[in-house]
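Quantities reported herein were computed from a predicted structural model and do not represent experimental measurements.
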Amino acid sequence: MSRYDRTQPTRNHRTNPCCLCWCCCCSCSWNEDRNRLRRLSRDTKLEIVPHCEVCTKPSSEELYSWSHSFEKLMKNPAGRNVFREFLRTEYSEENMLFWLACEELKKDNSKHCVEEKARMIYEDYISILSPKEVSLDSRVREVINRRMQEPNPHTFDDAQLQIYTLMHRDSYPRFLNSVIYKALLQNISRSSSES
């Protein structure tokens, strides 16, 4: 076998280890790192946020109210589930997960539990090493770092507000025009006309 033959890529395998392959067919280190991060992003250390909140089917009034008020959407478990599913399609589900984790933290009164949950929230959503890191400005990060010395149920209030505002201003308008929300509206109107 000549030297030229050994360097030619085979039909199903590319020999260039730094190709940044867009089709993910090679086994270069870039692709391995990306797959490892994808696996890590599926799992968070927090067990307090369920995959999907338990809720009843939203009424047509509730469904229509979501288009008029982000606050109503976020107060409704079914609304949060649908919005979370939309955020997943935009690769920003971590915003909702973080917001929900903060809500759970506020319900806890045990100092030990609060400290443990705060540490997990920090590791899952605040740490720059986290694959589910939320986007926060440096001022809010500094406040959190100071508060983490003695965590309490309101350690992440500034960050939670910043993420809530981000979802409201950025994701919510796109949600209202999304296929997910429009399909729900069609299903509700179809169900009510059949009744």
- [ ] Report yes or no: do I180 and L73 belong to one cluster of Ile/Leu/Val/Met/Phe/Trp/Tyr joined by side chain heavy-atom distances under 4.5 Å?
- [x] yes
Open item on the list: Does any part of the side chain of N95, heavy atoms only, come nearer than 4.5 Å to the side chain of Y125, both counted from C-beta?
Closed with: no
Task: Side-chain touch Y181/L63, heavy atoms, less than 4.5 angstrom - done: yes
- [ ] Give a yes or no on whether a salt bridge exists between E123 and R119, defined as a side-chain N under 4.0 angstrom from a carboxylate O.
- [x] yes
Open item on the list: With a 4.5 Å cut-off on side-chain heavy-atom distances among I, L, V, M, F, W and Y, is there a chain of contacts connecting L185 to I188?
Closed with: yes
- [ ] Would you please classify the geometry between the F98 ring and the F156 ring as parallel, tilted or perpendicular, with 30° and 60° separating the classes?
- [x] perpendicular
Open item on the list: Any non-hydrogen side-chain atom of T155 less than 4.5 Å from a side-chain atom of I121?
Closed with: no
Task: Donor-acceptor contact present, side-chain N177 to main-chain P173, <3.5 Å - done: yes
Task: Closest approach of C113 to D108 (non-hydrogen atoms, all atoms of both residues) - done: CB-OD2, 3.4 Å
Open item on the list: Please say yes or no: joined through hydrophobic side-chain contacts below 4.5 Å, possibly via intermediate residues, are Y64 and L176 part of one cluster?
Closed with: yes
TODO: Give a yes or no on whether the backbone of D137 and the side-chain of Q162 come within a donor-acceptor separation of less than 3.5 Å.
DONE: yes
Open item on the list: So F83 and M74, do their side chains get closer than 4.5 Å, heavy atoms only?
Closed with: yes
Open item on the list: Which residue is it: F70, Y164, W66? I am looking for the one with a ring-ring contact (aromatic ring centres under 6.0 Å, His included) to Y172.
Closed with: F70
Open item on the list: Strictly below 4.0 Å, N to O, side chains only: are R139 and E142 in salt-bridge contact?
Closed with: no
Task: Any K132 side-chain heavy atom under 4.5 Å of D124 side chain - done: no
- [ ] Could you tell me whether the side chain of F86 reaches within less than 4.5 Å of the side chain of V82, counting heavy atoms only?
- [x] no
Task: Salt-bridge criterion met for E115 and K111 (N-O under 4.0 Å) - done: yes
Task: Residues E133 and R141 bridged, charged N to O under 4.0 Å - done: yes
Open item on the list: Would you compute the distance between atom CD of E90 and atom CG of D170 and round it to the nearest 0.5 angstrom?
Closed with: 7.0 Å
- [ ] Would you sort out whether L87 and F175 count as a side chain to side chain contact (heavy atoms under 4.5 Å, CB included), showing the intermediate values?
- [x] CA-CA 8 Å; L87 291 174; F175 166 74; over 6 Å; no
Open item on the list: So does W99 get a backbone contact from the side chain of Q160, meaning a donor-acceptor N/O pair under 3.5 Å?
Closed with: yes
Task: Nearest-0.5 Å distance that lies between atom CE in M120 and atom CD in E116 - done: 4.0 Å
Open item on the list: Are the side chains of I163 and L136 in contact, using a 4.5 Å heavy-atom criterion?
Closed with: yes
TODO: Identify the two heavy atoms, one from M167 and one from M96, that lie closest to each other, and give their separation to 0.1 Å.
DONE: SD-N, 3.9 Å
TODO: Evaluate the side-chain proximity of I126 to M148: yes if any heavy-atom separation is below 4.5 Å, no if none is.
DONE: no
Open item on the list: Whether the side chain of R88 engages the backbone of R84 through a donor-acceptor N/O pair (distance < 3.5 Å, no angle test) should be reported.
Closed with: no
- [ ] Can you measure from OG (S110) to NZ (K117) and round to the nearest 0.5 angstrom?
- [x] 9.0 Å
Task: From OG (S127) to CD1 (I144), nearest 0.5 Å - done: 11.5 Å
TODO: Quick one: pull up NZ in K75 and CZ in R80 and give me the separation to the nearest 0.5 Å.
DONE: 10.5 Å
- [ ] State whether R147 and D157 are salt-bridged, where the test is any N-O pair (Lys NZ or Arg NE/NH1/NH2 against Asp/Glu carboxylate O) under 4.0 Å.
- [x] no
